[in-house]
Q: 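This is the structure, below, for whatever I ask next.
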Amino acid sequence: MSYNFQEIDKKWQKFWAENQTFKTEDHSSRPKYYVLDMFPYPSGAGLHVGHPLGYIASDIYARFKRNNGFNVLHPMGYDAFGLPAEQYAIQTGTHPAVTTEENLKRYREQLDKIGFSFDWSREVKTCDPAYYKWTQWAFTQMFEHYYDVAMDKAQPISNLIESFEKNGTNSVKAWSSQELSFSKDEWKAFSEDRREEILQNYRIAYLDEVPVNWCPALGTVLANDEVKDGLSERGGHPVEQKVMKQWCLRVSAYAQRLLDRLETLDWSESMKEVQRNWIGRSVGAQMNFLVSGKDFGFDIFTTRPDTIYGVTFMVLAPESDYVFQVTTKEQKAAVENYLEDCKKKSQRERMMDTKTMTGVFTGGFCVHPFTGKEIPIWVGDYVLGGYGTGAIMAVPAHDSRDHAFAKNFDLPIIPVIEGEGTANVQDESYDAKNGICINSDIINGLTVKEAIAKMNDEVEKRGLGSKKINYRLRDAIFSRQRYWGEPFPVYYKEGKPQMLELSKLPLELPEVDAYLPTEEGEPPLGRAKNWQTKEGHPYELSTMPGFAGSSAYFLRYMDPHNEDQLVSIEANSYWKNVDLYVGGPEHATGHLIYSRFWNKFLYDLGVICEDEPFKKMVNQGMIQGRSNFVYRLKNDQKKFVSLGLKDNYETQEIHVDVNIVSNDILDIEAFKSWRPEFKDVEFVLEKEGDLEVYKCGWAIEKMSKSKYNVVNPDIIAEKYGSDTLRLYEMFLGPLEQSKPWNTNGIEGVYRFLVKLWNLFHEGDSLQLSDESAKPEELKVLHTCLKKVSEDMENFAFNTSVSAFMIAVNELSKLKCNKAEVLGPLVIALSPFAPHTAEELWSLLGNSDSVSKAPWPQTEEKYLIESTFTYPISFNGKMRFLLDLPIDLGKEEIEKAVLENEDSQKWLEGKTIKKIIIVPKKIVNIVVG
RNA sequence: GGCCCGGUGGCGGAAUGGUAGACGCAGCGGAUUCAAAAUCCGCCGCUGGUAACAGUGUGCGAGUUCAAGUCUCGCCCGGGCCACCA
């Protein structure tokens, strides 16, 4: 019998499905382990070989844990709401649900072919009303809660109202958009509308007029993490700044907790670092600067209060309300002109020229709080409205941005810090946070560190302000003016937002006649008929963004069919949180922040028992494509020139399908029939050995349909079997590294499986032996088991595959057909190559699935041999390399060295001065 | 500009501070075969040498160590993320 992988694949995939081998129970005496993949967005293109990389790794680990006696939860689902299906709907009129369902089916077929051990009975789809009911419910809870800073957790908004009624804002410490202050009497006197407006300032889900990233091409606003370089992440359309009334989530309230708990997580350092940067905590001082001749001042935020004597001007963000209040009559026109210019600039333009500083003088002045001098107030768009107070004190001598601004507008530069190697601050700012204060009155002679502490005290003492922590992390804008997303569970009564009760959820997405905005510019839901409550109150027209559905899906897998709760207390207290999360590092600032926030909020509510969702995370690298190019003449569209000759011509680079190129040599006939326009083209060839060929150029790029470099996993699985695909994806290199896909090496992995198969067979018949194994056979087995078991915990699956290859090579040299050796080997291999392992396991006479067999233990005694390899002499010392048991004592090693024949030969006629035993297996002998 | 990760043969990549290049691909030589495919055996960093062998070698330059691809410092190069966050 030869290795018929196609039959084996089918047989065992069917067996697993029929026997529900991987269905997980919610109650078990065995310890639990939760292995999760980031669920995919089912795009129309289907899976390419890059997608399953992480799924294969997590599946290997899940299977390994099962063999080790864990009750493993390993589910899969789909992030099914999203822009591509909706863009397609706009073009074709096909309902996004239809497209999504089709794509989803194709994904499932492709996934099934790779032999994953998912428990599909727990599948979650974000577009399923039974699921998004809980997304909507969580939103209503966020509306009904505020963040209590003193208790450091979310609390019901009714508590806040109670406090207002008793004490006004006194004694209230709540995270808010603006700091408000009123008495209980004032609160009572406020109108209903005013009270609601105030509450919006505290609610965790709130409506606000905010500057947003507006993408006209997509007709929607986008979150900060959905914008890259001023273009939309999906589609690459320009994004502009605009002020709109939007639903927001008060993620910023959780900034400190998101930062602190990062320390406890078993994530890669780089991943944590990205999150730390995104949260961007900075400690500084908030300080009030009075405006000359007026009875008010404005706050600035600075992390460098030590440089206060170097302040030579102030800068307000263009969005700042103070701009109008400080601008003089003379400067009014100039300032208004400037603000107009700023508005016209797109986000992209603003980011493109970070070098040129623009701004305008307002005519107003501030009083320096320490020197009493007058300082001019400017407006400049390098100061951001959304961070700190939207106003800064500028210290051009010690901040490079202020320096550039000062140079541009010829403002004075006063040095106040003298550091090592301080250059002339007139030419370049000295930004480093070390040195001694000069020209600084009360802090002269202090180090920067001392000066910061002293100034913080001084600022507080003089009532100018206080120490303050700022976070870069902004609240998330939660509205999208799109169709294919979760509808908000919100209706408006006299303009005031009202939440739907749980019993009214889910509020299902209505049908519309087109997926475009209405003529009045309302979102597509504006087209839905009767989009209102029974009482006639209109529903919200926006839908929720992509990250809404992915923020709690991992909880739903624990209890996917529960109609009364997101997850029951029982299910949650058994499964707790995700033990291992596998996914791409590109979600560091989006999904992984939002889901941590969402999870912490639910934890505050007491709905779940863990405040961190993902204990350990492994980030698989991206599999890049290797594209091929042909070169077309610019002046002759019918002529193509080979790579080596292209520099002699004016050419245009064109992507060519990698499937008609082999070893970078183009299959000319295949190219001619690839596309009709290439039917009768000509080629300029170059010499390669004796042959004239067309050589293609190549580049490593992202794998994508438009670059014709997509390699499909189905084709690989069909040609070599799904186990070969699994093994090869792991063999390609370290899991976390990005690497290009290159099918060249796959034969080697396939050969390994054939060799393994042949250990069991002699021609067409089975040839297994029950005899007990020889020591050298057991050594091969246990060396392999040891390596594979160790690699498991480090996710070093590439070297595990090598270990199996070595074992099988040596066993086939030894002609080992002992069941005693092959049995454990098959179990260890089963996470990697489950189909083949199941088949071989059954050939060994087992009736149960290999996934239920206990993981074979390594026995060290088979690994050790006590022989000298060879001695090396150097620098008057002898170095001996030993293959000895690691735990031998010093004396035993010395004895072994001295008794060894080889070493005696080397040591003959020499005096031993000293024997140094260095760790592991090297012995140095110093001789006279 | 800031932060993170990496740099080892023709290629993908191995190496708890301890024989650098495991394993695989490609290449070369041989066996088998009428022949090919498949399979098996051997060689395979660079330089010199028929060879044994010698020298050299992990981006560059220093340092720590009996011993450095690995640790420390300073550079160079590549990739990624963030980017006027005061």
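Here is the naming used below: chain letters follow the sequence lines, and residue numbers restart at 1 for every chain.
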Q: If I pick the C1' atom on B:G74 and the same atom on B:A22, what distance separates them, to the nearest angstrom?
A: 33 Å
Q: Walk along nucleotides 4-14 of chain B from 5' to 3' and tag each nucleotide B, S or - by protein heavy-atom contact under 4.0 Å, base first, then sugar-phosphate.
A: S-------BSS
Q: In whole angstrom, what separates A:Glu747's CD from B:U39's C1'?
A: 14 Å
Q: How close or far is atom P of B:A86 from atom CD1 of A:Ile452, stated in whole angstroms?
A: 12 Å
Q: Start at the 5' end of RNA chain B and walk down; is the nucleotide closest to A:Ala796 or to A:Ile806 reached first?
A: A:Ala796
Q: What integer distance in Å separates A:Phe752:CZ from B:A22:P?
A: 19 Å
Q: Please evaluate residues A:Phe405 and A:Phe313 with respect to the criterion ring-ring contact (aromatic ring centres under 6.0 Å, His included), reporting the C-alpha separation (whole Å), side-chain torsions for both, the decisive distance (0.1 Å), and the verdict.
A: CA-CA 10 Å; A:Phe405 195 86; A:Phe313 57 100; 5.5 Å; yes
Q: NA contact type, A:Asn809, heavy-atom cut-off 4.0 Å: base, sugar-phosphate, or nothing?
A: sugar-phosphate
Q: Between A:Glu269 and A:Arg276 (salt bridge meaning N to carboxylate O under 4.0 Å), is one present in this structure?
A: yes
Q: For the residue pair A:Tyr338 and A:Thr358, what are the closest heavy atoms and their distance?
A: OH-OG1, 2.8 Å
Q: Please give the distance between the P atoms of B:C4 and B:U72 as a whole number of Å.
A: 13 Å
Q: What is the distance, to the nearest angstrom, from the CG atom on A:Asp399 to the C1' atom on B:G1?
A: 12 Å
Q: Does A:Asn619 reach the main-chain N or O of A:Gly583 with its side chain, forming a donor-acceptor pair under 3.5 Å?
A: yes
Q: Rounding to an integer number of angstrom, what distance separates B:G9 and B:C66 when you compare their C1' atoms?
A: 30 Å
Q: Distance between the P atoms of B:G59 and B:C77, in whole angstroms?
A: 16 Å
Q: Let me confirm one number: the CD1-CH2 distance from A:Ile716 to A:Trp741, rounded to the nearest 0.5 Å.
A: 5.0 Å
Q: Please tell me if A:Tyr387 has a side-chain N or O lying less than 4.0 Å from either OP1 or OP2 of B:A86.
A: yes
Q: Scan A:Ser400 against the nucleic acid and name what it touches under 4.0 Å (heavy atoms): base, sugar-phosphate only, or nothing.
A: nothing
Q: Can you check the distance between B:G29 and B:A37, where both ends of the measurement are the P atom (answer in whole Å)?
A: 13 Å
Q: Using a cut-off of 4.0 Å on non-hydrogen atoms, how would the nucleic acid contact of A:Arg281 be classed: base, sugar-phosphate, or nothing?
A: nothing
Q: Is B:G17 in the syn range, within 90° of 0, or in the anti range?
A: anti
Q: Please report the distance separating the P of B:U33 from the corresponding atom of B:G24, rounded so that it comes out in whole Å.
A: 27 Å
Q: What distance, rounded to whole Å, do you find between the two P atoms, one in B:U58 and one in B:C11?
A: 16 Å
Q: Under 3.5 Å, which N/O atoms of the protein pair with N/O atoms of nucleotides 78-82 of chain B?
A:
| residue | atom | partner | partner atom | Å |
| --- | --- | --- | --- | --- |
| B:C82 | OP1 | A:Lys228 | NZ | 3.2 |

Q: Just so I know, are the side chains of A:Phe804 and A:Cys784 near enough to count as touching, which here means a heavy-atom distance under 4.5 Å?
A: yes
Q: So A:Lys755, base contact, sugar-phosphate only, or nothing? Heavy-atom distance under 4.0 Å.
A: sugar-phosphate
Q: In this structure, how many angstroms lie between the C1' atom of B:A26 and the CZ atom of A:Arg751, rounded?
A: 11 Å
Q: For the P atoms, the ones on B:C75 and on B:A83, what distance do you get once it is rounded to whole angstrom?
A: 26 Å
Q: Which of these nucleotides, B:C23, B:A86, B:C84, is closest to any side-chain atom of A:Met357?
A: B:C84
Q: Measure the distance from NZ on A:Lys813 to P on B:C40 and round it to the nearest whole Å.
A: 10 Å
Q: Could you state the interatomic distance from OG (A:Ser802) to CE (A:Met730), rounded to the nearest 0.5 Å?
A: 13.0 Å
Q: Mapping A:Ser812 and A:Thr389 to their closest nucleotides on RNA chain B, which lands nearer the 5' end?
A: A:Ser812
Q: In whole angstroms, how far is the C1' atom of B:A86 from the CG atom of A:Asp306?
A: 12 Å
Q: Check for a donor-acceptor pair, side chain of A:Asp402 on one end and backbone N or O of A:Val395 on the other, with a separation under 3.5 Å.
A: yes
Q: Hey, do the aromatic rings of A:Trp278 and A:Tyr471 have their centres closer than 6.0 Å?
A: no
Q: What dot-bracket string describes RNA chain B from 5' to 3', counting Watson-Crick and G-U wobble pairs whose defining distances are under 3.5 Å, with [ ] for crossing pairs and | for pairs to another strand?
A: (((((((..(((.....[....))).(((((.......))))).((((....))))..(((((..]....))))))))))))....
Q: Just the rounded figure in Å: distance from P of B:G1 to CG of A:Asp431.
A: 13 Å
Q: Heavy atoms only, 4.0 Å cut-off, all strands: where does A:Arg276 land among base, sugar-phosphate and nothing?
A: nothing
